[in-house]
S.K.: 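Dropping a structure here in structure tokens format, bear with me for questions.
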Amino acid sequence: MDAELMNQLQSLGANGLPYAIPIHPNLVHLTLGLFIIAIAFDFVGVLYPFEKPVFKFLAIPAARASFFDVGWYNMLASAIITIFTVAAGFYEIMLANPYTDVKSAWGMQAMETMLWHGVGGVFLFAFMVGMTIWRGFQRFYWRKDRTRQVQWSYLMAGVAILLVMFVHGTLGAQLAAEFGVHNTADQLLRMGENPNIVLR
């Protein structure tokens, strides 16, 4: 590789990225939060008849349709944000410099963990888009005139995806914690710098 290119790579910062803080982990948490809120509010909407006395006792003016609105808009936002989450993840993983002499708690090496995490991210993206389309059909066509806007099968699929997200997120956490992938403090320590003082 050309010496000038090597100098450019060295100027990328502690994580080997052209920006100081990795984007993918931040977008991941936004995606997760939106998806969890979407499923949770749809559950609250479905169980509304049982919760209505509680809302009345607490003097909380709540309408069932409002819970379903929150579920729909959060699911839609989650699918949109996930496009950027997956794109940032693939971009940042191409520039990753993981520890190669370490095995994860699950007994996998860095490349294997990165591959599972990358492939899992694509499948989760597909599942989330599928859930958004399914939710849209329920909201605007199949159940638009019903008080209960979502099906139980949709909610159970959402819970199953949350379990897959847990496994997938654990792989991502292992990449950062055990292999040092885009873990800014870990990379600064690796370079012999104090992470409390230096931020590139």
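Sequence positions, counted from 1, serve as the residue numbers for this chain. What you see below is based on every heavy atom in this structure, not just the backbone, and it leaves out hydrogens, waters and symmetry mates.
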S.K.: Given side chains that start at C-beta, do those of M114 and H117 come closer than 4.5 Å, heavy atoms only?
M.R.: no
S.K.: Can you hop from Y141 to W152 via hydrophobic side chains spaced under 4.5 Å?
M.R.: yes
S.K.: How long is the span from the OG1 atom in T31 to the CG atom in L124, to the nearest 0.5 Å?
M.R.: 10.0 Å
S.K.: Is the closest side-chain heavy-atom distance between F90 and V122 below 4.5 Å?
M.R.: yes
S.K.: Can you confirm whether F41 is buried at CZ, in the sense that more than 12 heavy atoms of other residues, nucleotides or ligands lie under 6.0 Å from that atom?
M.R.: no
S.K.: Take T82 and S78 through the test side chain to side chain contact (heavy atoms under 4.5 Å, CB included) and record every step on the way to the result.
M.R.: CA-CA 6 Å; T82 304; S78 177; 4.1 Å; yes
S.K.: Check V150 against Q138 and note the closest heavy-atom contact, atom names and distance.
M.R.: CA-OE1, 3.2 Å
S.K.: For L171 and W106: C-alpha separation, side-chain torsions, deciding distance, then whether side chain to side chain contact (heavy atoms under 4.5 Å, CB included) applies.
M.R.: CA-CA 9 Å; L171 287 172; W106 290 359; 3.6 Å; yes
S.K.: Say you draw a straight line from CZ of F84 to CD1 of I23; how long is it, rounded to the nearest 0.5 Å?
M.R.: 11.5 Å
S.K.: Looking at every heavy atom in both W116 and H168, which two are closest together, and how far apart are they?
M.R.: O-CD2, 4.5 Å
S.K.: Looking only at heavy atoms, what is the nearest atom pair of A79 and T132, with distance?
M.R.: CB-OG1, 3.2 Å
S.K.: Whether R139 engages the ring of Y73 as a cation-pi pair (distance to the six-membered ring centre under 6.0 angstrom, angle to the ring normal within 45°) should be assessed.
M.R.: yes
S.K.: Using side-chain heavy atoms (C-beta onward) and a distance below 4.5 Å, is D42 in contact with Y154?
M.R.: yes
S.K.: Determine whether I93 and L175 make a side-chain contact, defined as any pair of heavy atoms from C-beta on separated by less than 4.5 Å.
M.R.: yes
S.K.: Could you give the distance from CE (M75) to CD1 (I37), rounded to the nearest 0.5 Å?
M.R.: 11.0 Å
S.K.: Any idea which heavy atoms bring F68 and R135 closest together, and the distance?
M.R.: O-NH2, 2.9 Å
S.K.: Assigning hydrophobic clusters by single linkage (Ile, Leu, Val, Met, Phe, Trp, Tyr; side-chain heavy-atom cutoff under 4.5 Å), is I39 placed with L163?
M.R.: no
S.K.: Judged by atom type as modelled, is there a donor-acceptor pair below 3.5 Å linking the side chain of E92 to the main-chain atoms of H24?
M.R.: yes
S.K.: Roughly how far, to the nearest 0.5 Å, is CE of M128 from CZ of F35?
M.R.: 5.5 Å
S.K.: Which heavy atom of A38 sits nearest a heavy atom of G71, and at what distance?
M.R.: CB-O, 3.3 Å
S.K.: Heavy-atom count check: over 12 atoms from other residues, nucleotides or ligands less than 6.0 Å from W134 CH2?
M.R.: yes
S.K.: What closest approach, in Å, do I81 and L27 show between heavy atoms, and which atom pair accounts for it?
M.R.: CG2-O, 4.1 Å
